[in-house]
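Along the sequence shown, residues are numbered consecutively beginning with 1.
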Amino acid sequence: ALRFSICLVLFAVARAVSVDITHEFVVEPPQPWDYSHVCSIVELDDSSILAVFQAGEGEGHEGLSIWGATRDAATGTWSAPEVKVARDDNVCVMNPCISADDAGDIHMCVHTGGSKRDKKCHTHFWTGMTSVSSDQGATFSAPADLPDGYLGCIKNKCIQMSNGEFLCPSSTESVDKIGIWESHME
């Protein structure tokens with residue numbers, strides 16, 4: 001089984017407190033999956049940390065889902081991992097990126113999309129989707145498609161602008177040349 005670890009830097013620059021650096025497993029081995037990748041974290045209202053990641057049989061495989069665990073601020077322990085977002089049709093869901101808005105809701109961009117041949121995710125066929133949690137990451141809404149042509153944030157967090165809208169760092173991969181990515185903002 002693959003090990004999944006996260007290096008947390010827990011600090012509050014505005015509060016001028018010291019920086020604690022911790023290296024720990026979010027999920028202690030053995031994990032209930034063969035593969036995990038792409039972690040995104042957000043600080044919750046009580047200073048706990050929610051981590052989300054894709055996990056399943058392998059990169060792009062059908063059934064790949066978004067899992068999450070919460071690090072309790074008081075005890076420093078991680079909750080048991082649980083599926084946060086999955087597709088009913090078993091098409092993979094991958095590349096989660098979470099951000100909190102000013103009201104405390106947590107927004108998660110995810111990506112899904114298979115070729116017509118299979119249910120695997122291929123970056124060339126991605127569809128951007130978003131899911132929202134109004135209960136500090138305990139549950140998330142069913143993923144909803146973003147408008148055509150929009151993918152949402154790919155690996156970096158969205159930021160909420162002063163007008164309430166989100167600015168999302170995004171990218172697309174070339175269909176013709178493997179490894180050629182174009183970055184843009186949505």
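We find the NE2-SG distance between His107 and Cys158 to be 9.0 Å, quoted to the nearest 0.5 Å. Asp105 CG to Ser99 OG: the interatomic distance, rounded to the nearest 0.5 Å, is 12.5 Å. Atom-to-atom distance recorded for Ile41:CD1 and Cys39:SG is 6.5 Å, nearest 0.5 angstrom. With values rounded to the nearest 0.5 angstrom, Tyr35 atom OH is found 12.0 Å from Phe53 atom CZ. Gln136 CD to Asp46 CG: the interatomic distance, rounded to the nearest 0.5 Å, is 7.0 Å.
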Side chains of residues 159-167: which donor-acceptor pairs under 3.5 Å do they make with residues two or more places apart or in other chains?
residue: Gln160; atom: OE1; partner: Asp102; partner atom: N; Å: 2.6
residue: Gln160; atom: NE2; partner: Gly164; partner atom: O; Å: 3.3
residue: Asn163; atom: OD1; partner: Glu165; partner atom: N; Å: 2.9

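Side chain of Thr75 to main chain of Thr77: a donor-acceptor pair is present (N/O by atom type, distance under 3.5 Å, no hydrogens or angles). Side chain of Ser131 to main chain of Ser141: a donor-acceptor pair is present (N/O by atom type, distance under 3.5 Å, no hydrogens or angles). Side-chain atoms of Gln54 come within 3.5 Å of backbone atoms of Asn95 as a donor-acceptor pair (strictly under, hydrogens ignored). With Ser47 contributing its side chain and Ala73 its backbone, the two residues share no donor-acceptor pair below 3.5 Å. No donor-acceptor distance shorter than 3.5 angstrom exists from the side chain of Ser133 to the backbone of Ile106, with no hydrogens or angles considered.
By the side chain to side chain contact (heavy atoms under 4.5 Å, CB included) test, Ser40 pairs with Val52, Cys97, Ile98, Lys157, sequence neighbours left out. By the side chain to side chain contact (heavy atoms under 4.5 Å, CB included) test, Asn156 is found to be paired with Pro169, residues two or more places apart in sequence or in another chain being considered. Residues passing the salt bridge (Lys or Arg N to Asp or Glu O under 4.0 Å) test with Glu82, sequence neighbours excluded: Lys84. Scanning for side chain to side chain contact (heavy atoms under 4.5 Å, CB included) contacts around Glu186 gives Tyr150, Leu151, Cys168, Ser170, His184, with sequence neighbours left out. Ala100 meets the side chain to side chain contact (heavy atoms under 4.5 Å, CB included) test with Val42; sequence neighbours excluded.
Within the 4.5 Å cutoff, side-chain heavy atoms of Pro96 are placed close to those of Met108. Thr70 has its side chain out of reach of Ile49: every pair of non-hydrogen atoms, C-beta onward, lies at least 4.5 Å apart. At least one side-chain heavy atom of Ile154 sits under 4.5 Å from a side-chain heavy atom of His111. Using a 4.5 Å heavy-atom cutoff, the side chains of Met94 and Thr112 are not in contact. For the pair Asp148 and Thr127, the minimum side-chain heavy-atom distance is 4.5 Å or more.
In the displayed structure, Asp135 atom CG is contacted under 6.0 Å by more than 12 heavy atoms of other residues, nucleotides or ligands.
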Using the rule given for side-chain contact (heavy atoms from CB on, under 4.5 Å), can you reason through Phe140 versus Thr130, listing the C-alpha separation, both sets of side-chain angles and the distance that settles it, and then say yes or no? CA-CA 10 Å; Phe140 280 86; Thr130 186; over 6 Å; no

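Glu28 and Trp78 are not linked by any side-chain donor-acceptor pair at a separation below 3.5 angstrom, with hydrogens and angles left out of the test.
Grouping the Ile, Leu, Val, Met, Phe, Trp and Tyr side chains by contacts below 4.5 angstrom, directly or via other members, places Val85 apart from Val132.
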